[in-house]
Amino acid sequence: MWPFALALDLQRGGLEPCNNITKRHLSDMRGMYIDEVATEEAIAQGDPLLYEVNQYDVPFETGQLLVVTTIIQPGRVGDEYYMTKGHFHEREDRAEVYVGLRGQGYLLAETAGGEFEALPVEPGTLTYIPPYWAHRMANVGQEEFIFFGVYPADAGHNYGDIEKRGFAKVLVERDGQPTLLPNPRYGVR
Ligand code: PA5
Ligand code: NI
């Protein structure tokens with residue numbers, strides 16, 4: 001391999017060139033928001049795009065790094081802010097760094113043992129997600145929330161555990177403010 005450069009659009013989150021783009025709509029996240037009625041209504045009304053992931057793929061080998069931007073739209077399902085699916089890494093001992101580029105968000109992180117952390121992220125906030133911590137980002141602002149990430153290319157994504165049990169807390173709007181509440185369905189999916 002040879003060193004290379006990409007153009008990272010700090011305002012819009014694009015990577016150029018980019019060889020792996022994923023778009024997630026609400027129908028890709030059935031069961032992940034607490035309000036199932038609001039979920040089905042929004043899917044029926046057009047199935048909104050919640051976020052887009054632009055990743056520059058290099059070989060998924062030990063020693064390589066993947067660079068990625070994520071653009072989460074503003075909005076809520078019921079009271080719950082638009083968010084990423086969230087995952088543990090398949091190789092759980094792989095860490096990750098997220099850097100806020102635009103908008104206002106939150107990192108939610110937790111371990112299999114039940115430790116939980118939530119950190120506000122704004123442009124210039126660098127969050128470090130240690131090995132063994134599942135991670136999810138949510139957009140709590142009025143505009144797109146855009147962040148950059150970098151992680152080991154052999155990490156992989158384990159979505160299943162979060163699909164089954166969720167995160168310990170949910171991030172909802174209460175009196176216009178982002179508020180963490182215990183997840184009523186934690187672990188019972
Ligand atoms: O690897 C990461 O943690 C990120 O690039 C995420 O994959 C991205 O933010 C989208 O989130 P998720 O993979 O949980 O849908
Ligand atoms: Ni990750």
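Any value given below was found using the heavy atoms of this structure, including those in side chains, with hydrogens, waters and symmetry copies removed. Residues: numbered from 1 along the sequence shown. We count ligands from 1, going down the list as the structure has it; atoms in each ligand are counted the same way.
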Given 3.5 Å as the limit, does a donor-acceptor pair link the side chain of Thr69 with the main chain of Phe148, or not?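 Such a contact is absent between Thr69 side chain and Phe148 backbone.
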Examine distances only and state if a side-chain atom of Asp57 and a backbone atom of Asn19 form a donor-acceptor pair shorter than 3.5 Å.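 Judged by distance alone, no pair lies under 3.5 Å.
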Between the side chains of Arg165 and Glu110, is the shortest nitrogen-to-carboxylate-oxygen separation below 4.0 Å, so that they form an ion pair?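 A salt bridge links Glu110 with Arg165.
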Members besides Val172 in its Ile/Leu/Val/Met/Phe/Trp/Tyr cluster (side-chain heavy atoms under 4.5 Å):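 The other cluster members (ILVMFWY side chains, heavy atoms under 4.5 Å, direct or chained) are Ile34, Val170, Leu181.
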Whether His89 and His157 hold their rings parallel, tilted or perpendicular, with breakpoints at 30° and 60°: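 Correct class here is perpendicular.
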Report the name of the N/O/S atom of His87 located nearest to the Ni ion (ligand 2).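 Nearest to the Ni ion (ligand 2) within His87's N, O and S set: NE2.
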Using 2.8 Å as the threshold, say whether any N, O or S atom from His157 sits that close to the Ni ion (ligand 2).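 No, His157 does not qualify, because none of its backbone or side-chain N, O or S atoms lies under 2.8 Å.
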So if I only count non-hydrogen atoms and take anything under 4.0 Å from ligand 1, which residues does that give, chain by chain? Arg24, Tyr51, Val53, Val68, Thr70, Thr84, Lys85, Gly86, His87, Glu96, Tyr98, His135, Phe147, Tyr151, His157, Tyr159
Going through the distances and angles, do Arg30 and Glu163 end up as a salt bridge (charged side-chain N to carboxylate O under 4.0 Å, His left out)? CA-CA 9 Å; Arg30 277 200 164 91; Glu163 276 164 7; over 6 Å; no
Mark yes or no: Arg24 above the aromatic ring of Tyr159, with NZ or CZ under 6.0 Å from the six-membered ring centre and no more than 45 degrees from the axis. yes
NE2 (His89) to the Ni ion (ligand 2) to OE1 (Glu96) angle, given to the nearest 10 degrees: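 The NE2/OE1 angle about the Ni ion (ligand 2) sits at 80°.
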